[in-house]
Undergrad: 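Quick one: the structure is below, questions incoming.
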Amino acid sequence: MDEAPKKDILLAELERERSIRRTARLLSAKRSRMIDELDRLISHLSLLVAVPSKTSEGSQTETDLLIEAAKRIDDPVFTDLLIQIIQERKK
């Protein structure tokens, strides 16, 4: 008699695990696409926004300007993601 409830619990847990794995796969794919899009945006940013050319030794580089602009966005999670992508491109 105890077999049926245990089987139902096991089936429910298997279904839950399958749903979690499917959701994680979809989230991972979406995250990858978003990072690719942000990377393309960052690479084309100099075409979209006038970035001052480096005229003196004290001037900021384009990377420094991008990081400074990202820090001024009122979204810490998005800012951290942008800075991570910018720093990865720098390497």
Undergrad: Might you work through the side-chain contact (heavy atoms from CB on, under 4.5 Å) test for K71 and I83, ending with a clear yes or no?
TA: CA-CA 8 Å; K71 288 179 179 178; I83 291 172; 4.0 Å; yes
Undergrad: With side chains defined as the heavy atoms from C-beta onward, is the minimum distance between L82 and L66 less than 4.5 Å?
TA: no
Undergrad: Going only through I, L, V, M, F, W and Y residues with side-chain contacts under 4.5 Å, is there a path from I85 to L47?
TA: no
Undergrad: To the nearest 0.5 Å, how far apart are NZ in K7 and CG in L14?
TA: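 So the NZ of K7 and the CG of L14 are separated by 12.0 Å.
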Undergrad: I need the full list of side-chain hydrogen bond (donor to acceptor under 3.5 Å, both in side chains) pairs touching residues 34-45, with sequence neighbours left out, sorted by first then second residue.
TA: D39-R89
Undergrad: What pairs with D80 under side-chain contact (heavy atoms from CB on, under 4.5 Å), at least two apart in sequence or on another chain?
TA: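 Not a single residue meets the side-chain contact (heavy atoms from CB on, under 4.5 Å) criterion with D80.
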Undergrad: Please determine whether residues I35 and L45 belong to a single hydrophobic cluster, defined as Ile, Leu, Val, Met, Phe, Trp and Tyr linked transitively by side-chain heavy-atom distances below 4.5 Å.
TA: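 Same cluster.
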Undergrad: So, do L38 and F78 sit near enough that their side-chain heavy atoms are less than 4.5 Å apart?
TA: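 Heavy-atom side-chain distance check passes, below 4.5 Å.
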Undergrad: CD of Q84 to CG of L81: how many Å apart, nearest 0.5 Å?
TA: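 One finds 6.0 Å between CD of Q84 and CG of L81.
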Undergrad: Indicate the atoms forming the closest heavy-atom contact of I73 with T79, along with that distance.
TA: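 Residues I73 and T79, closest heavy atoms: O-OG1, 3.6 Å.
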Undergrad: Are D75 and V77 packed together at the side-chain level, in the sense that at least one heavy-atom pair is separated by less than 4.5 angstrom?
TA: yes
Undergrad: Let me check something: do I42 and M34 share a hydrophobic cluster, defined by ILVMFWY side-chain heavy atoms less than 4.5 Å apart, either directly or through other members?
TA: no
Undergrad: Taking side chain as C-beta onward, heavy atoms only, is K6 less than 4.5 Å from I9?
TA: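 Side-chain contact under 4.5 Å: no.
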Undergrad: Show me, pair by pair, the donor-acceptor contacts under 3.5 angstrom made by side chains of residues 15-31, not counting sequence neighbours?
TA:
from	atom 1	to	atom 2	distance (Å)
E15	OE1	R18	NH2	2.4
E15	OE2	R18	NH2	3.2
E17	OE2	R21	NE	2.8
S19	OG	E15	O	3.1
T23	OG1	S19	O	2.8

